[in-house]
Amino acid sequence: MSKFRLWDLNPEQQRAATHESGPLLILAGAGTGKTRTIVARITWLVSQGVPPSGILAVTFTNKAAREMKERIAGMLDSEKASEITASTFHALCVRILRTDADKLGYKNNFSIFDQGDQLGLIKKVINRVTSHDEKVDPGLAQNMISKGKNNGWNANDETAIGAVYNRYNRELRALNAMDFDDLLVQAVKLLDEHPGVREKWRSRFRHMLVDEFQDTNNLQLRLVSLLASDDPPNVCVVGDDDQSIYGWRGAEVSNILEFEKHFRNPEIIRLEQNYRSTNTILGAANRLIKNNPRRRGKNLWSPQEGGDPVHVVCVPDDKKEAEFVVNEIGALRTANNIPWEHFAIAYRMNAQSRLLEECLRRLRIPYRLVGGKSFFDRREVKDVLATMACLINPSDDVALLRIINTPPRGIGTTTVELALEHSAKAHKSLFETLTAPEFREQVSRKTAEAIRSFGDELASRRIRLLTPGADAAHIVSQFLGESGFFDDLKRSCKTPEEALNREGGAREILRALTDHQKRSNSGLQGFLDEMMLDRERDEDKKEEAKGVTLITLHAAKGLEFPHVFLLGAEDGLIPHERSKSEGTVDEERRLFYVGITRAMKSLTITHCLHRTKFGTAMYCRPSPFLQEIEGEGVLVESYEEIVNKPVAEQDIAASFASLREMLARD
DNA sequence: ATTGGTAGTATTTTT
DNA sequence: TACTACCAAT
């Protein structure tokens, strides 16, 4: 018996949840109960007799997929719930490709390149194919390559970037590897060109639900189209064109704006009743987003009238801005007994978090920093993962390149360069090339010996690893220890504190592998897949941390906080200077809109007269968006007034109390 | 082969 | 300010 209850939903949500068949577009504004509606729809479908195994829910993040699974599990009995597929686009593609990639000339154990790996290969390729005068910026190239893949670019070798593109793709394939875009490209190709494979998956999924549809790119749309079997297709997409903020990453707002073009005669349902924010906040948001052309049009409303005014404060400089905001948070907390985790400070650029961190640390206020450099981007973590990848598959050239001289083993760049050249010519993996007797004749005796010893080490561990029931974590850990990895790690750190931290990072991965072995039998390969696609562990850790949230506007999408501070509302920051030259101010407006709509109870927006950029103070004009939100409930206040305002006696008493508490904690 | 110094550059980042 | 990429010295 399902726990699904229709009366928990408002009429529009109900209509969406109980839509019979054919395409369905749910335009779900911020805070309108989108996930609840999707989950309700899934439960409804099951209650109507749709087999759970025929339902596919696709999300962008592992976190979203996980949450969806959890919520489905709360609504259906566990057997049925576990049969429903809830997965990210990329994980779905990996699943499709792991069984049939050989039809495209890959081996099914292809390796997956994350952005770091990708950048590494791009740099290498640039050095190879471009002359010194036409050097391409690797970051830019990475961008172009991604766009190119999403749009089926057929590059010619005439231009520098075209040559890089082609060479990069050839090298990837030679390495039996795919980058994140390839996962989509190849999965689409597979389904497109192999009717057998296509039918296999089509017959499996009879109902598809896609979350955050405004963020889909060309390939993701094609993937959805290819998987949709029935006519009319049972494709239900949920999204909000006003929250499309990933255009620079290839997301096509047109997918949602022109949904009818891709799926005929859809039912379109708007969710406009907001359960998150006060009407004051929604008013500001609505006034802002109205200025965007090219949108479906939506007006968020809430039955909860009034609420605190939205404060707009101009502060002298970025340092004062941080102090002001942190002080406000402290005052609000003590005055109203609000826990730290009810506050979020949002900003455009990661660099803005520094002053805030300093300030919060000084006052001993707990905080969590979302985004920025990920645990998985830490050097030692990547090194350990690369070591594992090498042990599984020595032909994983990128992994091998990463660890071949980490720790230093006497196989330096000249040797590697030479081997790379040979391997490209012979179409052999780097490992094969290096260990071939004829290669060893071409290098010094010392180098040859270094290669031999490294190759032997790797091979012997590999054999042990392949033994059934092998303790992979132990083998890897032993290899790292004996090869001097940990010693080298410590040696390369400036402070003992950093050394401890780095070693901890490496150990953490080993521990994760141990955990994985306990709960899964997919082996080391399965573990690496999970690690590549999935930063769950990382996110979990961040979520555990309690305190004031520091977050970029991009990362804040989908989250909500009772009290939000939006910093740096300055012309040139948001909208970012670059967006103005690139003609993407609309997207910046949506970004600002996302920021505003995160707030439940109170919202304070600040902007500085001066901001230190690249070491020097620059004058800043307020963001034009500030004018657009002006209206009822938006209060422009002077900084001096607030700072000098007399503090109520009870607040003073409370401040002392909290101060004592903070000092006591130390 | 590895180290250290300096010069040039500078959003956002679900996978 | 801070990161990185490249070069020169050991």
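So you know, we letter chains A, B, ... as the sequences are listed, proteins then strands, and number each from 1. Every value quoted in this text rests on a predicted model; they were computed, and no experiment measured them.
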Separation of B:dT15 atom P from A:R95 atom CZ, nearest Å, is 18 Å
Expressed in angstrom and rounded to an integer, what is the separation of A:K613 atom NZ from C:dC3 atom C1'?
19 Å
Atom CZ of A:R98 with >12 non-hydrogen neighbours under 6.0 angstrom:
yes
CG of A:L418 versus C1' of B:dA1: gap in Å, rounded?
16 Å
Ranking B:dA1, B:dT15, B:dT11 by distance to the side chain of A:E588, first place goes to B:dT11
How many Å lie between CZ on A:F592 and P on B:dT11, as a whole number?
20 Å
What contact category does A:D215 fall into here, base, sugar-phosphate, or nothing, at under 4.0 angstrom with non-hydrogen atoms?
base
Is a donor from one side chain sitting under 3.5 angstrom from an acceptor on the other, for A:Q142 and A:Q115?
no
Rounding to an integer number of Å, can you tell me how far A:N143 CG sits from B:dT11 P?
12 Å
A:T415 near the nucleic acid: base, sugar-phosphate alone, or nothing, with a heavy-atom cut-off under 4.0 Å?
sugar-phosphate
Anti or syn, where syn is a glycosidic angle within 90° of 0; which label fits B:dT12?
anti
Between A:N292 and A:Y593, a side-chain donor and acceptor under 3.5 Å
no
Closest to side chain of A:Y246, choosing from C:dA5, B:dT13, B:dT11
B:dT13
Of the nucleotides B:dT11, B:dT13, C:dA5, which one has an atom closest to the side chain of A:R249?
B:dT13
If only atom types and distance count, is the side chain of A:N150 paired as donor or acceptor with the main-chain N or O of A:K147 below 3.5 Å?
no
Under 4.0 angstrom, heavy atoms only, what part of the nucleic acid is A:E582 near: base, sugar-phosphate, or nothing?
base
Before we go on, tell me: are the rings of A:H576 and A:W248 under 6.0 Å apart, centre to centre?
no
Would you indicate, yes or no, if B:dT12 has its OP1 or OP2 atom less than 4.0 angstrom from a side-chain nitrogen or oxygen of A:N350?
yes
Between B:dT13 and C:dT4, how many Å separate the two P atoms, rounded to a whole number?
16 Å
What nucleic acid atoms does A:K123 come within less than 4.0 Å of, heavy atoms only: base, sugar-phosphate, or nothing?
sugar-phosphate
Upstream residue (5' side of DNA chain B) when A:D137 and A:W248 are each assigned their closest nucleotide:
A:D137
Do we see a donor-acceptor contact under 3.5 Å between the side chains of A:Q214 and A:Y246?
no
Listed nucleotide nearest any side-chain atom of A:Q115, set B:dT12, B:dT15, B:dT14:
B:dT15
Is it the case that the side chains of A:N176 and A:N109 hold a donor-acceptor pair, with the cut-off being a distance below 3.5 Å and no angle test?
yes
Can you identify which nucleotide, out of B:dT15, B:dT13, B:dT14, has its nearest atom closest to the A:K557 side chain?
B:dT14
Measure the distance from CG on A:L119 to C1' on B:dT15 and round it to the nearest whole Å.
16 Å
To the side chain of A:N405, which of B:dT2, B:dA10, B:dT11 is closest?
B:dT2
Separation of A:D179 atom CG from B:dT13 atom P, in whole Å?
20 Å
Under the 5.5 Å and 30° test, is A:H576 stacked on the base of B:dT11?
yes
To the nearest angstrom, how far is A:N127 atom CG from C:dT4 atom C1'?
14 Å
Choose from B:dT12, C:dT4, B:dT11 the nucleotide whose nearest atom is closest to any side-chain atom of A:T552.
B:dT12
Looking at B:dT15, B:dA1, B:dT12, which one has an atom nearest to any side-chain atom of A:M349?
B:dT12
Closest to the side chain of A:T61, out of B:dT14, C:dT4, B:dT13, is B:dT14
Which residue lies toward the 5' end of DNA chain B, A:D181 or A:S579, if each is placed at its nearest nucleotide?
A:S579
